[in-house]
Amino acid sequence: MNPPIGSEPLTTDELAALVDGLVGLPYGGEAVDQRTHALQTGWFAARAGADDELLLAATLHDVGRAEPVRAAWPGLPHEAAGARFALVRLDSPRIAGVIAGHVPAKRFLVATDAGYRALLSPVSIASLRQQGGPMDAREVAEFRGQPMAAEAVLVRRWDDAAKDPDGPTLRLADLLAAHRRFQATRRPAPQHQHSRESGLPAQ
């Protein structure tokens with residue numbers, strides 16, 4: 001069963017259920033399902049030495065396609081729904097920025113890397129047209145100015161490579177371990193610290 005979307009920090013069990021809920025979910029005509037694609041993208045991230053937060057962003061870059069996430073933010077593009085999920089359940093502007101940026105990163109790369117288009121699958125080329133095609137010079141400059149642009153480009157390249165049904169994938173256990181370590185760094189600060197930062201008196 002897919003977990004509902006709440007507002008509390010995402011638990012490890014919920015993450016496992018969310019990823020396993022991607023089994024069999026089509027990936028737009030590609031040869032892999034959404035779960036394999038997610039974990040294969042995570043494998044490329046791990047191989048590149050990504051830290052836990054970026055590993056989560058890479059593995060969850062298409063989480064906006066998961067049924068409970070789509071249900072929580074109906075009508076939004078998957079990258080926008082995924083970014084909302086990352087803010088609400090993971091409290092991570094960084095993960096949200098990478099997820100939001102991985103679709104425009106394709107348009108950016110087509111515009112700035114002469115060899116990139118040849119790496120895209122037919123499905124990805126078709127969706128490129130729907131997404132607006134290559135960026136123009138103004139859009140390229142604006143994208144480069146985004147805080148998570150460089151990491152969104154990294155994830156985009158891992159995303160493009162993660163479509164091999166026989167390729168390696170990140171173990172779910174390794175993803176969950178990364179999530180536990182990440183969550184340990186997000187523990188709420190003591191009340192007096194929040195008070196100092198907000199300028200409000202402690203209760």
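This chain uses plain numbering: 1 for the first residue, then up along the sequence.
With hydrogens and angles ignored, the 3.5 Å screen pairs no side-chain donor or acceptor of Q146 with any backbone N or O of F143. Not a single donor-acceptor pair under 3.5 Å links the side chain of E8 to the backbone N or O of R89. For the pair E14 (side chain) and T11 (backbone), a donor-acceptor distance under 3.5 Å is present.
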Dump the intermediate steps for side chain to side chain contact (heavy atoms under 4.5 Å, CB included) on L176 and D13, then the final yes or no. CA-CA 8 Å; L176 300 183; D13 286 346; over 6 Å; no
Give the C-alpha distance, both sets of side-chain angles, the deciding distance and a yes or no for side chain to side chain contact (heavy atoms under 4.5 Å, CB included) between Q183 and L15. CA-CA 12 Å; Q183 289 292 73; L15 176 58; over 6 Å; no
Check the pair D159 / H37 against side-chain hydrogen bond (donor to acceptor under 3.5 Å, both in side chains), numbers first and verdict last. CA-CA 8 Å; D159 173 4; H37 176 63; 2.9 Å; yes
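Pairing each heavy atom of Q40 with each of K163, the nearest pair is OE1-N, 3.1 Å. In terms of heavy-atom proximity, W158 sits nearest to A58 at CE3-CB, 4.0 Å. Closest non-hydrogen pair, R156 versus S124, comes out as NH2-OG, 3.9 Å. Summarising the geometry of T59 relative to G42, their closest heavy-atom pair is OG1-CA, 3.3 Å, with the distance given to 0.1 Å. Contact detail for R186 and P93: the closest heavy-atom pair is NH2-CD, 4.2 Å. Residue I99 comes nearest to A83 through the heavy atom pair CG2-N, 3.7 Å, listed as atom of the first residue, atom of the second, then distance.
Taken to the nearest 0.5 Å, the CG atom of D174 stands 14.5 Å off from the NE2 atom of H179. In this structure, L22 CG and D62 CG are separated by 9.0 Å, a value rounded to the nearest 0.5 Å. Here the straight-line distance linking atom CD of E53 with atom CG of L90 works out to 9.0 Å at 0.5 Å rounding. Once rounded to the nearest 0.5 Å, the distance linking CG of L170 with OG1 of T36 reads 12.0 Å.
V103 and F44 are assigned to two separate hydrophobic clusters, defined by single-linkage of ILVMFWY side chains at heavy-atom distances under 4.5 Å.
Between D51 and R94, some side-chain heavy-atom pair lies under the 4.5 Å cut-off.
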